[in-house]
Each structure stands twice: as structure tokens, then as C-alpha cells.
Undergrad: 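Quick one: structure below, then a few questions.
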Protein chains: 2
Amino acid sequence: MATRKLNSTYSRNEQCMIGCDLTFAISMLGGRWKLLILDKLAQRKMRFSELKKEFSYITERMLTLQLKAMEQDGLITRTVYAEVPPRVEYELTDMARELEPILNQLSSWGNRQRRLTRQQV
Amino acid sequence: MATRKLNSTYSRNEQCMIGCDLTFAISMLGGRWKLLILDKLAQRKMRFSELKKEFSYITERMLTLQLKAMEQDGLITRTVYAEVPPRVEYELTDMARELEPILNQLSSWGNRQRRLTRQQV
DNA sequence: TGTGGTACATACAAACATGTAAGTAATGGC
DNA sequence: GCCATTACTTACATGTTTGTATGTACCACA
């Protein structure tokens with residue numbers, strides 16, 4: 001996402017893992033808000049301001065950054081309408097929709113796993 | 001993993017997302033080396049030093065941290081043998097093994113997605 | 001007495017992610 | 001002219017993760 005300096009182990013690690021499709025996929029979902037955004041947009045396309053209202057805690061800056069990253073990653077499309085005040089709509093791509101069933105499985109795994117680890121504590 | 005300070009939005013966000021099984025699951029896999037470790041241990045149980053050899057770039061500190069986190073998350077078990085020099089073996093739990101098919105799907109999605117975004121660039 | 005191997009731990013520093021606060025452009029309505 | 005609305009942007013501060021370097025306990029073996 002951000003430009004990364006070319007020094008030392010940080011970038012070497014990146015080279016080493018860049019070949020892994022799984023790491024590639026997970027890194028797209030790792031942002032602090034991306035899964036929530038994905039979830040909301042799965043229901044319907046939404047404007048910037050609508051998304052902002054949905055997550056009362058997110059700041060405009062973070063929303064902008066995460067949406068931009070998700071657009072670059074091919075998870076969402078961004079449509080600008082030349083109006084004033086401006087209107088911008090965000091929508092899931094087909095690829096992002098293909099994620100849904102997989103993420104549902106992960107979610108149900110997470111639920112089971114959570115019950116287990118709770119018991120031990 | 002690390003102790004987190006209780007101020008401001010950081011922890012509020014955490015509260016807000018802590019109810020999400022999917023976020024819970026993804027956060028277990030997000031570490032820089034966890035997926036690789038998971039992948040190696042899927043083949044067979046391994047000693048600390050064996051894992052170290054497998055990933056030539058990882059530092060001992062990072063390996064320790066990630067293994068500790070994965071143990072706490074119930075992904076692996078840690079068995080210590082009272083010998084000198086010490087011997088410690090790491091092994092996947094049943095829950096971690098249930099992840100495999102899901103992660104395979106994610107990986108193949110990542111592969112397709114990567115081809116797509118490559119084409120656009 | 002000294003060296004070697006294993007599986008860590010600790011102190012410190014760099015890189016990265018996120019948050020806070022404030023500002024911008026465009027224009028329709030008052 | 002002034003204000004409001006929308007979707008951002010910028011500068012700066014804080015929090016979190018990862019990396020570097022070094023040290024430690026244990027005891028067998030030379």
C-alpha cells in the first residue's frame with residue numbers, strides 16, 4: 001500500500017512472500033476496516049457519506065485510505081458523478097463477491113475457534 | 001498480542017470489532033510469518049530450530065513471538081522435553097487443520113485475483 | 001576450565017498503520 | 001457575498017509490528 005524502503009530484511013521478506021497467493025489474499029483483507037466495508041457493500045452499493053455514517057468511529061481519512069487500497073486491489077469500483085456537491089459511489093467487484101462464501105466459512109471457523117479458546121481461559 | 005493502551009479510538013474500534021468472528025479469524029493469520037509457519041507445520045511437527053532453518057530470513061525473536069501468539073490462539077501446541085540441550089516441538093491443533101481447506105480456497109482466489117490486477121497494470 | 005548447542009529473553013531502533021485536526025474545491029441557495 | 005454540503009487532502013502525532021544486537025540457563029563433552 002504505502003511505498004516501502006528498500007533496505008534490509010523488511011523488503012527481503014516481502015520478496016520471499018510475494019510468491020504466496022494466500023499471503024497476497026490475506027494482505028488485502030488485513031486493514032482495520034476492510035472487512036466491515038466489504039460486508040456493508042455486499043448488501044448494496046453506497047456513497048462515501050453513507051459508509052461514513054455506517055461506521056460511526058471511522059475517520060474520513062481512514063475511510064478514504066481503505067477505499068483507495070481496496071480499489072487498487074480490485075475489490076471495489078469507484079464511480080464519480082460530476083455533480084455539485086459531488087457524489088461518489090462504491091460497489092463490490094465480481095471478484096470481491098466470489099470471496100463471500102469463503103469468508104463465511106472462515107467466519108464460522110472463527111466462531112468455533114473462539115468458543116474453544118474462551119473455554120480454556 | 002501485545003498489551004494495548006486503553007485510550008482513544010484504537011481500543012474503541014477494537015471493542016466494536018471484537019464481536020466479529022471473521023475479524024477474529026483473520027487477525028490470527030495476519031502476522032508476517034504465521035501463514036508460512038502454518039504451512040510448514042501442516043506437513044509435520046517440527047522443532048524450533050527446524051523452523052528456523054526453514055525460513056532463513058526469520059529472526060529468532062520473531063519466530064518466538066509468532067509461535068507464542070499462535071499457541072495462545074489455539075493454532076498450535078508446544079511440547080517441551082526436559083533434556084539438555086532443550087527440545088521443543090510444535091504441532092498443529094485440530095482446529096488449525098480444519099483451516100486448511102478454507103485457506104486453500106482463499107489461496108486459489110488470491111491466484112486468480114492476482115492475475116486480474118496484474119493485467120490491469 | 002572452557003566450548004558448544006538449544007530455545008529462548010531483553011533492550012533498543014526502525015518501519016508501518018492508524019488517529020486527530022484542520023483545510024480545500026466546486027456551486028447552488030440565501 | 002456568504003454559507004452549507006460532499007468527498008476528499010495535508011500535516012502532524014500516536015500506536016503497533018518487526019528487526020538488530022546481545023545475553024542467559026542448562027549440562028554434556030573435551
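Each chain gets a letter, A, B and so on, in the order its sequence line appears, and its residues count up from 1.
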Undergrad: Working to the nearest 0.5 angstrom, can you tell me the gap between B:Lys34 NZ and B:Leu65 CG?
TA: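 Separation between the atoms: 9.5 Å.
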Undergrad: Let's see if you can work this out: which of C:dT6, D:dT18, C:dA21 has an atom nearest to the side-chain heavy atoms of A:Arg61?
TA: C:dA21
Undergrad: For B:Tyr90, report the nucleic acid contact type (base, sugar-phosphate, nothing); a contact means any heavy atom under 4.0 Å.
TA: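 Answer is sugar-phosphate: B:Tyr90 comes under 4.0 Å of backbone atoms only.
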Undergrad: Let me know the distance between NZ of A:Lys52 and C1' of C:dT20, rounded to the nearest Å.
TA: 15 Å
Undergrad: Considering only D:dT9, C:dA7, D:dT18, which nucleotide approaches the side chain of A:Lys68 most closely?
TA: D:dT9
Undergrad: Round to the nearest Å and state the distance from B:Leu65 atom CG to C:dC8 atom P.
TA: 11 Å
Undergrad: Could you give the CD-to-P distance, from B:Glu60 to D:dA21, as a whole number of Å?
TA: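 Taking CD of B:Glu60 and P of D:dA21, I get 13 Å after rounding.
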Undergrad: Between B:Pro85 and B:Gly30, just flag the one whose closest nucleotide in DNA chain D comes earlier from the 5' side.
TA: B:Gly30
Undergrad: Of all the nucleotides listed (C:dT6, D:dT18, D:dC26), which has the minimum atom distance to the side chain of B:Val84?
TA: D:dC26
Undergrad: Any side-chain to backbone donor/acceptor pair from B:Trp109 onto A:Met95? Under 3.5 Å, distance only.
TA: yes
Undergrad: Take atom CE of B:Met62 and atom P of C:dA7, then tell me their distance rounded to the nearest Å.
TA: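 Taking CE of B:Met62 and P of C:dA7, I get 18 Å after rounding.
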Undergrad: Within the structure, does a side-chain N or O atom of A:Arg87 lie under 4.0 Å from either OP1 or OP2 of D:dT5?
TA: no
Undergrad: Between atom CG of A:Asn111 and atom CD of A:Gln113, what is the distance when rounded to the nearest 0.5 Å?
TA: 10.5 Å
Undergrad: Between D:dT9, C:dT27, D:dA7, which nucleotide gets closest to the side-chain atoms of A:Thr64?
TA: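 Of the options given, the side chain of A:Thr64 lies nearest D:dT9.
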Undergrad: Is there a side-chain contact between B:Met46 and B:Lys40 (heavy atoms, below 4.5 Å)?
TA: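 In short, these two side chains touch, coming nearer than 4.5 Å.
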Undergrad: In whole Å, what is the span from the CZ atom of A:Phe48 to the P atom of C:dA25?
TA: 18 Å
Undergrad: What nucleotide, of D:dT5, D:dG19, C:dT6, holds the atom closest to the side chain of B:Thr59?
TA: D:dG19
Undergrad: Does any non-hydrogen side-chain atom of A:Leu41 lie less than 4.5 Å from one of A:Leu51?
TA: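 When only atoms from C-beta onward are counted, A:Leu41 and A:Leu51 do touch, with a gap below 4.5 Å.
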Undergrad: Distance check needed: C:dA9 P versus B:Leu63 CG, whole Å only.
TA: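 Distance check: B:Leu63 CG to C:dA9 P gives 12 Å.
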Undergrad: Using a cut-off of strictly less than 4.0 Å, decide whether A:Arg47 has a side-chain nitrogen or oxygen near OP1 or OP2 of D:dA7.
TA: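 A:Arg47 to D:dA7 OP1/OP2: side-chain N or O found under 4.0 Å.
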Undergrad: Using atom CD of B:Glu89 as one end and atom C1' of C:dT6 as the other, report the distance to the nearest whole Å.
TA: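 The answer, rounded to whole Å, is 13 Å.
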Undergrad: For A:Ser49, answer base if it contacts any base atom (sugar-phosphate contacts may also be present), sugar-phosphate if it contacts only those atoms, and nothing otherwise; contact means non-hydrogen atoms under 4.0 Å.
TA: sugar-phosphate
Undergrad: Can you tell me the distance, in whole Å, between the CG atom of B:Leu67 and the C1' atom of C:dA9?
TA: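 Atom CG in B:Leu67 sits about 15 Å away from atom C1' in C:dA9.
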Undergrad: Consider the side chain of B:Pro86, meaning its heavy atoms from C-beta on, and name the nucleotide among C:dC8, D:dG19, C:dG5 that approaches it most closely.
TA: C:dG5
Undergrad: Counting only side-chain nitrogens and oxygens, does A:Gln66 get under 4.0 Å of the OP1 or OP2 atom of C:dT18?
TA: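 Affirmative; the distance criterion is met.
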